[in-house]
Amino acid sequence: MSKVKYVLVNEEILPEIYLKVLCAKEYLAAGEAASATQAAKMAGISRSAYYKYKDSVFRYNPAATKEIATLQLRLRDTKGVLSAVTGELYLVGANVLSINQQIPQNGVAGVSLTMRIAEMTVSLQELTERLKKIGGVASVYIGG
């Protein structure tokens, strides 16, 4: 069996069928369609066309690039600190993808926050400095 090879292509040059298959896959993933048959119908393609291409057509995943960063924070157990952090992220154009917060111990909680940074209006270094100025933020570390 030969190794599968992938090519990244601008969607503007793709035949319409591939885009409709992607659309059908998104209907299924979002729960807007209960079955592949319904998703194909909603996308305007046949069920056989959906099954022919569904395992070969994928949306570009920016998670595989440098567009994702993870914040490791230590936050004091004070009302509104996490909200202030996410508010600052919103202001600089970061898109929060996930938040994992530990239960506070000795008045401090560890928080891991993953975000998409492609549209940020400041550097990661500047973001770190801004977050450190928020009352209740004990420490900030940003990883790629």
Side-chain angles (χ1 to χ4, degrees), residues 3-45 47 49-144:
K3 182 178 177 183
V4 177
K5 296 179 182 178
Y6 293 97
V7 177
L8 186 61
V9 179
N10 184 330
E11 72 177 32
E12 292 176 7
I13 69 165
L14 287 176
E16 187 176 13
I17 187 67
Y18 298 134
L19 299 174
K20 289 184 175 187
V21 169
L22 289 170
C23 187
K25 289 173 71 170
E26 290 168 359
Y27 288 141
L28 278 170
E32 296 175 34
S35 66
T37 301
Q38 183 182 10
K41 185 175 182 179
M42 290 169 67
I45 58 175
R47 191 173 71 99
Y50 171 78
Y51 279 108
K52 181 176 182 178
Y53 297 115
K54 75 175 184 72
D55 294 326
S56 298
V57 180
F58 306 95
R59 286 260 180 230
Y60 170 64
N61 182 2
T65 69
K66 300 273 188 210
E67 295 179 0
I68 304 291
T70 301
L71 282 172
Q72 298 295 328
L73 303 127
R74 307 252 323 130
L75 305 180
R76 289 188 178 76
D77 187 15
T78 307
K79 184 177 13 176
V81 177
L82 182 56
S83 179
V85 168
T86 57
E88 187 64 31
L89 295 174
Y90 168 77
L91 290 175
V92 300
N95 181 26
V96 176
L97 302 173
S98 70
I99 300 174
N100 184 11
Q101 180 175 346
Q102 298 171 346
I103 294 175
Q105 292 184 0
N106 300 319
V108 179
V111 176
S112 175
L113 193 146
T114 304
M115 60 189 173
R116 183 168 290 121
I117 59 172
E119 297 179 14
M120 273 191 9
T121 57
V122 299
S123 69
L124 288 174
Q125 182 178 356
E126 184 176 337
L127 175 61
T128 300
E129 295 306 314
R130 290 173 95 160
L131 293 175
K132 286 178 180 177
K133 292 178 182 175
I134 295 173
V137 174
S139 67
V140 178
Y141 170 78
I142 299 182

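Contact detail for Met115 and Ala94: the closest heavy-atom pair is SD-CB, 3.9 Å. In plain terms, the two heavy atoms of Val81 and Gly135 that are nearest each other are CG2-O, 3.7 Å. Across Ala36 and Tyr50, no two heavy atoms sit closer than the pair CB-CE2, 3.6 Å. The shortest heavy-atom contact between Lys54 and Phe58 is O-CE2, 4.5 Å. Contact between Leu28 and Ala33 at its shortest, heavy atoms only, is CD2-O, 3.7 Å. Residues Arg74 and Ser139 come closest through the heavy atom pair CG-OG, 2.9 Å.
A donor-acceptor contact shorter than 3.5 Å links the side chain of Lys25 to the backbone of Val57. Between the side chain of Thr121 and the backbone N or O of Val92 there is at least one donor-acceptor pair closer than 3.5 Å.
Atom CG of Leu89 sits about 8.5 Å away from atom CD1 of Ile99, to the nearest 0.5 Å. Atom CG of residue Leu22 and atom CD of residue Glu11 lie 8.0 Å apart, to the nearest 0.5 angstrom. The distance from atom CG of Leu73 to atom CD of Gln101, rounded to the nearest 0.5 Å, is 10.0 Å. Separating the CG atom in Asn100 from the OG1 atom in Thr114 is a distance of 9.0 Å, to the nearest 0.5 Å.
The side-chain contact (heavy atoms from CB on, under 4.5 Å) with Asn95 is formed by just one residue from the set Glu67, Glu119, Arg116; it is Arg116. Each of Leu127, Ile68, Leu124 was scored for a side-chain contact (heavy atoms from CB on, under 4.5 Å) with Ile117, with one residue passing: Leu124.
Looking at Tyr53 and Ile17, their side chains come closer than 4.5 Å, going by heavy atoms from C-beta outward. At least one side-chain heavy atom of Val21 sits less than 4.5 Å from a side-chain heavy atom of Ile45. Under the 4.5 Å side-chain criterion, counting only non-hydrogen atoms from C-beta, Ile134 is not in contact with Leu75. A 4.5 Å side-chain heavy-atom check between Val85 and Val140 finds every atom pair outside the cut-off. Contact of the Ser112 side chain with the Thr70 side chain is registered, since non-hydrogen atoms from C-beta on lie closer than 4.5 Å.
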>> Using the rule given for side chain to side chain contact (heavy atoms under 4.5 Å, CB included), can you reason through Arg59 versus Glu26, listing the C-alpha separation, both sets of side-chain angles and the distance that settles it, and then say yes or no?
In response: CA-CA 10 Å; Arg59 286 260 180 230; Glu26 290 168 359; 2.6 Å; yes
> Does the pair Leu71 and Val111 meet the rule for a side chain to side chain contact (heavy atoms under 4.5 Å, CB included), with working shown?
Replying inline: CA-CA 8 Å; Leu71 282 172; Val111 176; over 6 Å; no
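The pair Glu126-Arg130 meets the salt-bridge criterion, since a charged nitrogen lies less than 4.0 angstrom from a carboxylate oxygen. The pair Lys133-Glu88 does not meet the salt-bridge criterion, since no charged nitrogen lies less than 4.0 angstrom from a carboxylate oxygen.
When the shell of 6.0 Å around CG of Asn106 is examined, it contains 12 or fewer heavy atoms from other residues, nucleotides or ligands.
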